[in-house]
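Worksheet for the structure shown next.
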Amino acid sequence: MHASTRIAGVLTGLTLALGGAALVAPAAHADVTACINQVERELQGGEAPESVRTACYVGLTGDHEQCVSGLTKGGVTNGTAVSACRVAPE
């Protein structure tokens, strides 16, 4: 009986660990995608260059100023950069 309790505990732990990872990963990706999509709307259908993608990933870490700076250096207007970087860490 002691072995079955241990196995049940291990299975519960694995379920929680794998389930938690599955819940976190899509959210992070969606936030970066929202940032990139805002910039692409300004580009009127053009695909965002790698510099925009990098800046949005920086915004995901919570560094709002660096995100805005990276986007404006890439030719994005300040207003769009601020709003795009605001959605990145959410």
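Starting from 1, each residue takes its place in the sequence as its number. What you see is a predicted model; the values in this text were computed from it and never measured.
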How long is the span from the [atom1] atom in [X] to the [atom2] atom in [Y], to the nearest 0.5 Å?
| X | Y | atom1 | atom2 | answer |
| --- | --- | --- | --- | --- |
| Thr33 | Leu60 | OG1 | CG | 10.0 Å |
| Tyr57 | Asp31 | OH | CG | 11.0 Å |
| Leu43 | Ile36 | CG | CD1 | 11.5 Å |
| Leu71 | Arg53 | CG | CZ | 12.0 Å |

### Query
Taking Cys85 and Cys35, which are both Cys, do their SG atoms fall under 2.5 Å of each other?
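Disulfide absent: SG-SG distance not under 2.5 Å.
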### Query
So, the side chain of Glu40 versus the backbone of Glu47: is there a donor-acceptor pair under 3.5 Å, distance only?
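A pair under 3.5 Å: no.
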### Query
Are the side chain of Thr72 and the backbone N or O of Val68 linked by a donor-acceptor pair below 3.5 Å?
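It does hold such a pair.
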Non-hydrogen atoms of [X] and [Y] that approach each other most closely:
| X | Y | value |
| --- | --- | --- |
| Ala88 | Gly59 | CB-C, 3.6 Å |
| Ala81 | Val76 | N-CG1, 3.8 Å |
| Val39 | Ala84 | CG2-CB, 4.1 Å |

### Polar contact flag, side-chain donor to acceptor under 3.5 angstrom, Gln38-Ser83
yes
### Query
Do Thr77 and Thr80 have side-chain atoms, one donor and one acceptor, less than 3.5 Å apart?
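Judged by distance alone, the side chains do pair up.
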